[in-house]
There are 2 protein chains.
Amino acid sequence: MSSDALPAPAPVTLREVALAAGVSVATASKALNGQGRMTAETRERIRETAQRLGFRPNSLAQSLLRKRSFTVGLLTNDTYGRFSLPLMAGVSDALVDAGVSVFLCNVEDDSRLGQLHVEAMLDKRVDGIIATGKRIDRHLPIDLSNLRIPVIYAFTQPDPGSVAFVSDDAGGARLAVEHFCGLGRRRIAHVSGPASFAVVHERARAYREVLAEHGLPVAEPLLGAWSEGWGHEAVAKLFDGKAGRGEMPDAVFCGNDQIARGVIDALRERGIGVPEDVGVIGFDNWEIVAEATRPPLTSVDMNLATLGREAGLALLSLVGGQAAAPGIRKLPCRLVVRQSCGRPVGG
Amino acid sequence: MSSDALPAPAPVTLREVALAAGVSVATASKALNGQGRMTAETRERIRETAQRLGFRPNSLAQSLLRKRSFTVGLLTNDTYGRFSLPLMAGVSDALVDAGVSVFLCNVEDDSRLGQLHVEAMLDKRVDGIIATGKRIDRHLPIDLSNLRIPVIYAFTQPDPGSVAFVSDDAGGARLAVEHFCGLGRRRIAHVSGPASFAVVHERARAYREVLAEHGLPVAEPLLGAWSEGWGHEAVAKLFDGKAGRGEMPDAVFCGNDQIARGVIDALRERGIGVPEDVGVIGFDNWEIVAEATRPPLTSVDMNLATLGREAGLALLSLVGGQAAAPGIRKLPCRLVVRQSCGRPVGG
DNA sequence: CTGAGTTGGGAAAAGGTTTTCTCTTATCGC
DNA sequence: GCGATAAGAGAAAACCTTTTCCCAACTCAG
């Protein structure tokens, strides 16, 4: 109940190192930073003393002077983390080697909380901020447009004139549909999420374009929800009441892996073979889902870790004083091929 | 390509406030902190000036002096984040109101990376560290036992003599099995993960105890993997080749929600009704899975957000100088009832 | 009117590091 | 041997805030 539960010896300071080595703090500082002029012998002696005493410079004091704290803030409203976690890991990865640490700020969708976090970041003199979210077409509940520090947007709606990184959803959709075409599939359906999501339309457009380029019939995309249940329903709409195999789709491109999962299960229940009769491709490459479908699901991966890494590096260069051209950079997706599409038809 | 892409006006300092208000920095500081003695008028004038100039105290300078940085480090090796995300959110929640920010340190299972992060934390003078992981029975790849700052372990294997918070897995298992008993189920099976996990045995023990207490037959738990596939297999072992309904289990308690999902699907494929013929309970309450099963899955929730919050508060009080009794605190789970268990049998 | 006490506010040190400037001493060329 | 130069190292300011001590002026009792 009283204080002093721990021994907590105070960290050793530069002054103590200097004292032990018989030099001034100025010399000690220069020795350890490779600055200034002194005999190699002196430098080595100081280095050794620092080592022996376990000296580690106080980052707070350094930051105060250098006006760089070697910290950045990472804002997110993705409580569930399916998208932001790989992204965060990427950011962290890119920065840790530069000695930059990341403040995690979970702002939910609460602008009071967002304000609180942003002010805490500013007070702590972060060198920059990365804003990320669970949805590309929604803003975080905070205004970051007039901060005195660089801001990078990643996988969330950016402010005009800012630097942003997002996934190339249209490109990802192309990848999927082209893959079907390359396998000889000809009646390719598209089942996606709610119309309120911008990516739904972006992917649908790409879907239509690729089919048109290949001279294949374009079915109107089925929009619904991001759920397995919707996958089931969609299969009923697509397959029930069709005269024969020739009328049914032979491929379904799904808006996410959960829909794809529902589609696959519903097809199996109808005795329709995946991939023999129908190929299925999902989106997100959520491994835990994609690997649990039977057969394992081919899916579009948004490379979110890479996106996070790029965002981290971009912030770093902004902090370093490099100017970055504002705008939205779309990073390519990749197709992870598993077993839900099969080999070329008749190949 | 050159520097100075942004205007980046330097933040206003206390000195500027003091100058503008016509007082010394000492007085300004005291005015804003409610310290010292001065006329109410002076104090108000200074406050107003600070407000007008948008003064925010430099946290770095404060930390240097107070020897408290109002930051903590959060170490995790849970890349996927299913467990650590709610936990992190809880920690963050508990701390943000105290003005404490959280450094996110993803150490993977790489001890070099762990070392790097821990040193960065120490250099940045964090007030304390929370260590968390994806598994209660595994250590992070770092030694935190001799740090000069408080450490709290949450959902990971603690060092001896430390303060730790984990979920009460045995209690959670009791909750599930008792629930079955209360509904009149009598042949309750248990399908769980690999024997290499400590929680598997802990839950199995609780399962046996509850059955014994109720005078019900104990079947040997089936141990396998944490996957849907294993759920399927387990159903085959439990149900195939049984003479009739009377020999088959009428309830299955699963080690996680994915296994439960596999079990439910496999039962449906065999024409066995859930919950009419067999009740199913999962573990983890991973909503996205639990709500996608048909019927939606009753599951044990480990209350990880609460666990994180407790850990955060505990660290805060440790940092504040309160001594905490070392040891492992087990926090209760709760049962989230959905539709996979049905109403009382014959009730 | 004087001494004690109170009130309002400032000077300065502290916290740990970096950096510029200065100072002393050794070295070199002649 | 002498002046010029370079080398090695230290003093001090700076970063921004907090806090302790101190000082001046005022109030009040006697």
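Computed over heavy atoms, backbone and side chain alike; hydrogens, waters and symmetry mates excluded. In what follows, every chain begins at residue 1, and chains take the letters A, B, ... in the order their sequences are listed.
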Under 4.0 Å protein heavy-atom contacts per nucleotide of nucleotides 7-15 of chain C, with B for base, S for backbone only and - for none: BBBBBB-BB

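Nucleotide D:dA7 holds its P atom 17 Å from the CD atom of A:Gln35, rounded to whole Å. Between the CG atom of A:Leu60 and the C1' atom of D:dT17 there is a distance of 12 Å, given to the nearest Å. The CG-P distance, from A:Asn33 to C:dG16, rounds to 17 Å in whole Å. For the pair A:Leu32 CG and C:dT19 P, the computed distance is 13 Å after rounding to whole Å. A:Asp123 places its CG atom 13 Å from the C1' atom of D:dC16, with the value rounded to the nearest Å. If you measure from atom CZ of B:Arg68 to atom C1' of D:dT19, you get 18 Å, rounded to the nearest angstrom.
The aromatic rings of A:Phe103 and B:Phe103 sit parallel to each other, their planes meeting at less than 30°, with 60° as the upper class boundary. Between B:Tyr153 and B:His139, the ring planes lie perpendicular to each other; the angle is over 60°, past the 30° to 60° tilted range.
Side-chain contact between A:Gln115 and A:Glu119 is present, with at least one heavy-atom pair separated by less than 4.5 Å.
Between B:Phe165 and B:Phe155, a ring centre-to-centre spacing not shorter than 6.0 Å is recorded.
A close approach under 4.0 Å does occur between a side-chain nitrogen or oxygen of A:Arg66 and OP1 or OP2 of C:dT18.
The pair A:Lys67-A:Asp127 fails the salt-bridge criterion, with no side-chain N (NZ, NE, NH1 or NH2) lying under 4.0 Å from an Asp/Glu carboxylate O.
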Stepwise salt bridge (charged side-chain N to carboxylate O under 4.0 Å, His left out) check, A:Arg329 with A:Asp168: CA-CA 9 Å; A:Arg329 305 214 199 333; A:Asp168 179 7; over 6 Å; no

